[in-house]
Amino acid sequence: MAPDQARAIGDKVEKAAWTARAARVTITRDEWGVAHVHGKTDADAVFGMIYVQAEDDFPRIEANYLTALGRTAEAEGEKAIWADLRQRLYVDPDQLQRDYDASPQWLRDLMDAWADGLNHYLATHPDVRPRVLTRFEPWMALSFTEGSIGGDIERIDLKALEALYTGKPEILLAADRHLIEPTGSNGIAIAPKNTKDGHALLLINPHTSFFFRSELQMTSDAGLNAYGAATWGQFFLYQGFNDHAGWMHTSSTVDAVDEYAETIETRNGVKGIRYGTEWRPLTSRQITLAYKGADGRQARRVFGVLYSSHGPLVRMEMGKPIAFRMMWKPVPALQQSYLRTKTRDYAGFLKVAGLQANSSNDTLFADDKGEIAYLHPQFVPVRDDRFDYRRPVDGSDPATDWKGLTPLSKLPRAVNPPSGWAMNTNNEPWGAAGPGSIRKADFPRYMDMVGENPRGEHATKLLTGRHDFDAPGLIAAAYDSWLPTFATNVPLLTAAWDRLAPGDTAKARLADPVALLRDWDDRWGAASEATTLAVYWGTQMCTAILDGPCSAGKSPWARMDALDDPARLAALDRAVAELTGLFGGWRVKWGDINRFQRNDGAIVQTFDDAKPSSPVPFASALWGSLASFGAKPYPGTKKWYGTSGNSFVAVVEFGPRLRAWAVSAGGESGDPASPHFTDQVSRYAGGALRPVHFYPADIAAHAARTYHPGE
């Protein structure tokens, strides 16, 4: 038989298998376009859930896997080659195929179904033109197992990586200074003792780039029943709940990634590193990367990458190469990410956590037994706490090396705490269930490398001493409008103005702006002119901090607090001038500036003041807003447009019959022609979460369409 004939027969058999599996999968779209996927087996459900993700936004799935596989340059050109190289330092396609072959059968079944679902989508949608990935292989699922935006690997600086492997250190001189929107999430778990109806509650509030996750439900006859947010292209629900338990991940402040300054020694022409009294040879690996050339044709670059016993060499510092060490356990990580969606209580969740393949996420947990918990990441290497692991440590000193993993029992956690609540806002864990609820002195320094933040202060104030929570009350708390950064800084400003001499020209010039802020209640609102002035003033204070000397190790909030009177007043002067120059006056309503706009399906939006947009009342997490909206002006715009912050938001009540409410930024679909492209904007901006349809009868009552994949 000719090869072409054999290939054609193989394709026909494969497509018949996809069609047969599709017949075992039912998709119901509700009135918001949210997909409720049911299959006979878990693998059938995976096939269906990845298919509906592709229906809603295939370009984001492909983009995520181009990133995860280190193949973005094949679509976007040589500019992306350093991000691809960073990924390929760890992602070796040949090794991932071997990992797939060695995986347990149940996991291979899920990976097979994942690839089949995507390939079935492409086969039944010939109008869809992938940029690169025209076929998905099961092993590819192992390249992207964790679910957060970038994970640990993004701590490798691309410019420094380029400098190391091109020998051009001058490229490091072009550092940008700009405000960085705090990323991460909020999670809150409330125990029955603090609720009106005696049911545990869970707030799921990830802060990500918008449209980063798909909201859906996946169920099977084998007992799977999970609802929540799946990162585009993954077959597990990263943040969500089932009919018994819920889990919310927040980016942790733990240090689970380390850098080692290596001492290079050459012996018999071979380069190696000094390690105590040992000499360890460097190993090398050739990485070939494809990229789209200027003429549109594919070209290739070959890199010889060096590894020490600590990990790949990623940059130079003070004349020494720096090795980067992080968790890379793709099979256990994928197992843990999927299996936790099927756990039914805290004991089951903790058993899955025993895989210890979560390095960067804190977890807030709640279940229908009334148990709640704050859990630290489970992959935390044991280290010698004499060393400061925030900076490169001496790789030649064996005392700096990892000494196994911290047992779960030795990690910070708060389980069923006396306070009746647990929370995390990407802040230190020590106040997770109230001040001092976890003793900082009992743990090494590397368990927290950041400290407190204003959102943590905000959440603690809302949760302490309250015993009457219900779902609406928790939603209201999630959208509470207090801005603690300004509650601290406005009194410092007014005191600075009060201290000005009566004849000082600034006293008269700033009298009205200071009066507006003095009378303000430190709360955001769409109609609030004080919010606008405060945010512009705070931004100017941050700019002053970034452009001037900073005290090492202090947070931006501490540095703002420490500004002297002239700097604080000068920042207000600049804010007033900027607002006046842009809008003809400094009194402008916050909702007139702070806007949500979604113009097309592009992953990177181009914003336009002349096009429709919607006001958003909440503000940046930088100011302590729990409901986060990371907005800024763009080229050609006066208004600020949000691109990150509150994305998927849900509140779950674990009573005898589960109830949940949710909202997604914009809408469920990435297709501008879909009615679900922007149909949730007003609910998103107003904090008006919609009821989640979870049980079959409820789903049927709100069904807008029911079909099988491929129909």
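Computation of the quantities below employed the complete heavy-atom set of this structure, encompassing side-chain atoms and omitting hydrogens, waters and symmetry-equivalent molecules.
- Taking the six-membered ring for Trp and thresholds of 30 and 60 degrees, F486 and W520 have ring planes inclined between 30 and 60 degrees apart.
- A salt bridge between D498 and R518 is present, with a side-chain N of the basic residue lying under 4.0 Å from a carboxylate O of the acidic one.
- With respect to the salt-bridge test (charged N to carboxylate O, under 4.0 angstrom), the residues D56 and R29 qualify.
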side-chain hydrogen bond (donor to acceptor under 3.5 Å, both in side chains) for Q217 and N225? Distances and angles first, verdict last.
CA-CA 7 Å; Q217 182 179 22; N225 187 5; 3.0 Å; yes

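- Taken from CZ in F648 to CE in M248, the straight-line distance is 9.5 Å, to the nearest 0.5 Å.
- In this structure, Y536 has its ring center closer than 6.0 angstrom to the ring center of W640.
- Using the six-membered ring where Trp is involved, W482 and H458 have ring planes that are perpendicular, over 60° apart on the 30 and 60° scheme.
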Step by step, work out the side-chain hydrogen bond (donor to acceptor under 3.5 Å, both in side chains) result for H38 and T219.
CA-CA 5 Å; H38 181 77; T219 65; 2.8 Å; yes

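- Listed for the N489 side chain is a donor-acceptor partner under 3.5 Å among the backbone atoms of T485.
- No donor-acceptor pair closer than 3.5 Å links the side chain of N424 to the backbone N or O of G187.
- Here the CG-CG distance, from L462 to L474, works out to 10.0 Å after rounding to the nearest 0.5 Å.
- Between Y227 and F694, the two ring planes are tilted [angle within 30° to 60°].
- Counting only distance, with no hydrogens or angles, the side chain of D362 and the backbone of H376 share no donor-acceptor pair below 3.5 Å.
- Side chain of T363 to backbone of L375: no donor-acceptor contact under 3.5 angstrom is found.
- No option in D367, L364, N242, L202 other than N242 meets the side-chain contact (heavy atoms from CB on, under 4.5 Å) test with W247.
- For the pair Q680 (side chain) and A665 (backbone), a donor-acceptor distance under 3.5 Å is absent.
- Under the ring-ring contact (aromatic ring centres under 6.0 Å, His included) test applied with F629, the options F210, W623, W524 reduce to a single match, F210.
- Ring geometry for H36 against H693 counts as tilted: the plane angle lies between 30° and 60°, on a 0 to 90° scale.
- Using the six-membered ring where Trp is involved, F618 and Y479 have ring planes that are perpendicular, over 60° apart on the 30 and 60° scheme.
- When every heavy atom of L237 is checked against every heavy atom of A230, the shortest pair comes out as CD2-CB, 3.7 Å.
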Mind running side-chain hydrogen bond (donor to acceptor under 3.5 Å, both in side chains) on R455 and N426 for me, showing each step along the way?
CA-CA 8 Å; R455 282 182 291 131; N426 319 118; 2.8 Å; yes

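- Every side-chain hydrogen bond (donor to acceptor under 3.5 Å, both in side chains) that E668 has, sequence neighbours left out, goes to S214.
- Looking only at distances, a side-chain donor or acceptor of R595 sits under 3.5 Å from a matching main-chain atom of S613.
- Shortest non-hydrogen contact noted between L622 and W557 is O-NE1, 2.7 Å.
- With Q356 contributing its side chain and T406 its backbone, the two residues share a donor-acceptor pair below 3.5 Å.
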Can you check salt bridge (charged side-chain N to carboxylate O under 4.0 Å, His left out) on K342 and D42, steps first, answer last?
CA-CA 11 Å; K342 299 189 72 172; D42 283 11; 2.7 Å; yes

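- Remark: R657 is positioned above the aromatic ring of Y695, its terminal NZ or CZ atom under 6.0 angstrom from the ring centre and at most 45 degrees off the axis.
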Let's go through V692 and D698 carefully: what are the C-alpha distance in whole Å and the side-chain angles of both, what is the deciding distance for side-chain contact (heavy atoms from CB on, under 4.5 Å) to 0.1 Å, and is it a yes or a no?
CA-CA 9 Å; V692 164; D698 191 31; over 6 Å; no

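- For T464 (side chain) and T460 (main-chain N/O), a donor-acceptor pair under 3.5 Å exists by modelled atom type.
- Scanning all heavy atoms of the two residues, the minimum distance from S185 to P206 falls at OG-CA, 3.1 Å.
- In this structure, R568 contributes its side chain and D561 its backbone to a donor-acceptor pair below 3.5 Å.
- Salt bridge annotation for R523-D480: present, with a cationic side-chain nitrogen under 4.0 angstrom from a carboxylate oxygen.
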For the pair E146 and N361, evaluate side-chain hydrogen bond (donor to acceptor under 3.5 Å, both in side chains) and give the outcome as yes or no after the intermediate values.
CA-CA 9 Å; E146 197 262 350; N361 293 303; 2.4 Å; yes

